[in-house]
Chemist: 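Quick one: this structure, given as structure tokens, is what I'll be asking you about.
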Amino acid sequence: QMCEFGWTLRVVILDTESPGPIEKAVARALHCKRINGSVEVVYQRFEASIGHALSMISRTAISEQIEEFDFFIYSENDMLITLTHVMMFIWEVAILPGDYLPGVQRFVYHKGQMTTPIVEYITWEGWPVTVANISNRWYYLPFNPHQSHFMLTRQQLLHLEGRCQYLSIRTTECPQYREFMSSLQLFGSFGDPHCSSCRLQKVIPVHTEGYFRLFLMHHLSNGSLDGGVTWGGMPMGVHFGGIQECVAQAKASSGGNMTTVCKDIVVNKTGVLDRIERPEE
């Protein structure tokens, strides 16, 4: 999609497996009619012993190409990033103040419903709900900022290198360093001196339900939940209903000008986000 819309792309695949038979499949998946060929793909293979430290190599790959491109995406291999996600990120970055960064709400399909035409979006990152009025628009501030990927412009990357060594940091000493490298360094707060946090605030716009939908991202593994119960999983409509209730509380209590944390919200209704037609495989 990005290629068809005029972007010049390079995909770098970091792996511990030889490309082998997947190369043709990748080339087919990345075929772009506009250029009558595949998007450029670069494979970098490492020994399996590298383990989760493989995530650190992404910073090296980005650093080596920082002057060639304007926009960079890093992702673990089970996040479905679409052109819509990219365009909404760019749109929100232009609106938000500097220390706020737009993020996404990860979801999985309800495993108990996968054999039927109707499935549910389930999230396990719901409570407590925190909302804030930022530049007269309502945003949700997730308590778990991890999202298994990041998107950043070249200007943002260069700024964050000066702020928190975002391009040059190489460490396996941080707790959860795979998550640290993929998104937690941007948003987390660590007491460990080896973990230089950028201390940005992840936000997801929630001023309308339709707009919120544009920031939902499918966690393709679908394996983090057991029937939508493990880790406090809940239907997305229930989650968004709680966010709406928290926004209402914030407007009532503070005139809508403060960050509000809502810990005890009971939502008895579900929204249209709960149930969707299962997409074609």
Chemist: Let me check something: do M87 and I81 share a hydrophobic cluster, defined by ILVMFWY side-chain heavy atoms less than 4.5 Å apart, either directly or through other members?
Modeler: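 Same cluster: M87 reaches I81 through Ile, Leu, Val, Met, Phe, Trp or Tyr contacts under 4.5 Å.
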
Chemist: More than 12 foreign heavy atoms under 6.0 Å from CZ of F89: is that the case here?
Modeler: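 Enclosed: over 12 neighbouring heavy atoms sit under 6.0 Å from CZ of F89.
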
Chemist: Could you tell me whether H239 and Y140 have their ring centroids closer than 6.0 angstrom?
Modeler: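 Yes - the distance between ring centres of H239 and Y140 falls below the 6.0 Å cut-off.
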
Chemist: Strictly below 4.0 Å, N to O, side chains only: are D15 and R45 in salt-bridge contact?
Modeler: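 R45 and D15: not salt-bridged.
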
Chemist: A side-chain contact here means heavy atoms from C-beta on lying under 4.5 Å apart; do Y139 and I204 qualify?
Modeler: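 Side chain of Y139 against side chain of I204, heavy atoms only: no contact under 4.5 Å found.
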
Chemist: Minimum heavy-atom separation for S55 to R178, with atom names?
Modeler: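 Answer, listing the atom of S55 first, then R178: OG-CA, 3.8 Å.
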
Chemist: Aromatic contact between F150 and Y166, with the criterion being ring centroids under 6.0 Å apart: yes or no?
Modeler: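 That pair passes the under 6.0 Å test.
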
Chemist: Can you tell me if F46 has over 12 outside heavy atoms packed within less than 6.0 Å of its CZ?
Modeler: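 Atom CZ in F46 is crowded, with more than 12 foreign heavy atoms closer than 6.0 Å.
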
Chemist: Taking the side chain as every heavy atom from C-beta outward, state whether D70 and R154 have any atom pair closer than 4.5 Å.
Modeler: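 Side chain of D70 against side chain of R154, heavy atoms only: contact under 4.5 Å found.
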
Chemist: Determine whether the aromatic ring centres of H219 and F107 lie less than 6.0 Å apart.
Modeler: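 No, the ring of H219 stays outside the 6.0 Å limit from the ring of F107, centre to centre.
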
Chemist: Quick one: pull up CE in M181 and OG in S58 and give me the separation to the nearest 0.5 Å.
Modeler: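 Atom-to-atom, M181:CE and S58:OG are 7.0 Å apart.
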
Chemist: Do you reckon L157 sits in the same ILVMFWY cluster as M151, going by side-chain contacts under 4.5 Å, direct or chained?
Modeler: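 In one cluster: yes.
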
Chemist: Just so I know, are the side chains of V104 and H149 near enough to count as touching, which here means a heavy-atom distance under 4.5 Å?
Modeler: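 They are in contact (side-chain heavy atoms under 4.5 Å apart), so the answer is yes.
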
Chemist: Please collect all salt bridge (Lys or Arg N to Asp or Glu O under 4.0 Å) contacts where either partner lies in residues 134-147, sequence neighbours excluded, each pair once.
Modeler: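 Pairs touching residues 134-147 that pass the test: E92-R137.
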
Chemist: Measure the shortest side-chain to side-chain distance between L152 and F72 over non-hydrogen atoms and say whether it is less than 4.5 angstrom.
Modeler: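 Of all side-chain heavy-atom pairs linking F72 with L152, none is under 4.5 Å.
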
Chemist: With heavy-atom distances below 4.5 Å as the criterion, would you say the side chains of T82 and Q1 are in contact?
Modeler: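 Touching, per the 4.5 Å side-chain cut-off.
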
Chemist: Are K251 and V131 side-chain neighbours, meaning at least one heavy-atom pair lies under 4.5 Å?
Modeler: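 No, their side chains stay 4.5 Å or more apart.
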
Chemist: Would you call R163 and D99 a salt bridge, using N to O less than 4.0 angstrom?
Modeler: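 Looking at R163 and D99, the cut-off is met.
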
Chemist: Should we say atom CD of E68 is surrounded by more than 12 heavy atoms from elsewhere, each under 6.0 Å from it?
Modeler: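 Yes, CD of E68 has more than 12 neighbouring heavy atoms, counting only those of other groups under 6.0 Å.
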
Chemist: Can you check whether S135 reaches L96 side chain to side chain, under 4.5 Å on heavy atoms?
Modeler: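 In short, these two side chains do not touch, never coming nearer than 4.5 Å.
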
Chemist: Count I, L, V, M, F, W, Y as connected when their side-chain heavy atoms are under 4.5 Å apart, and connections chain through other members. Are V11 and L14 then in the same cluster?
Modeler: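 They do not share one cluster, since no chain of ILVMFWY contacts under 4.5 Å joins V11 to L14.
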
Chemist: Any side-chain heavy-atom pair from H159 and Q155 closer than 4.5 angstrom?
Modeler: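 A side-chain contact is absent here, since even the closest heavy-atom pair is not under 4.5 Å.
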
Chemist: Could you state whether F180 and M56 fall into the same hydrophobic cluster, counting links through intermediate Ile, Leu, Val, Met, Phe, Trp or Tyr residues with side-chain heavy atoms under 4.5 angstrom apart?
Modeler: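 Both belong to a single hydrophobic cluster.
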
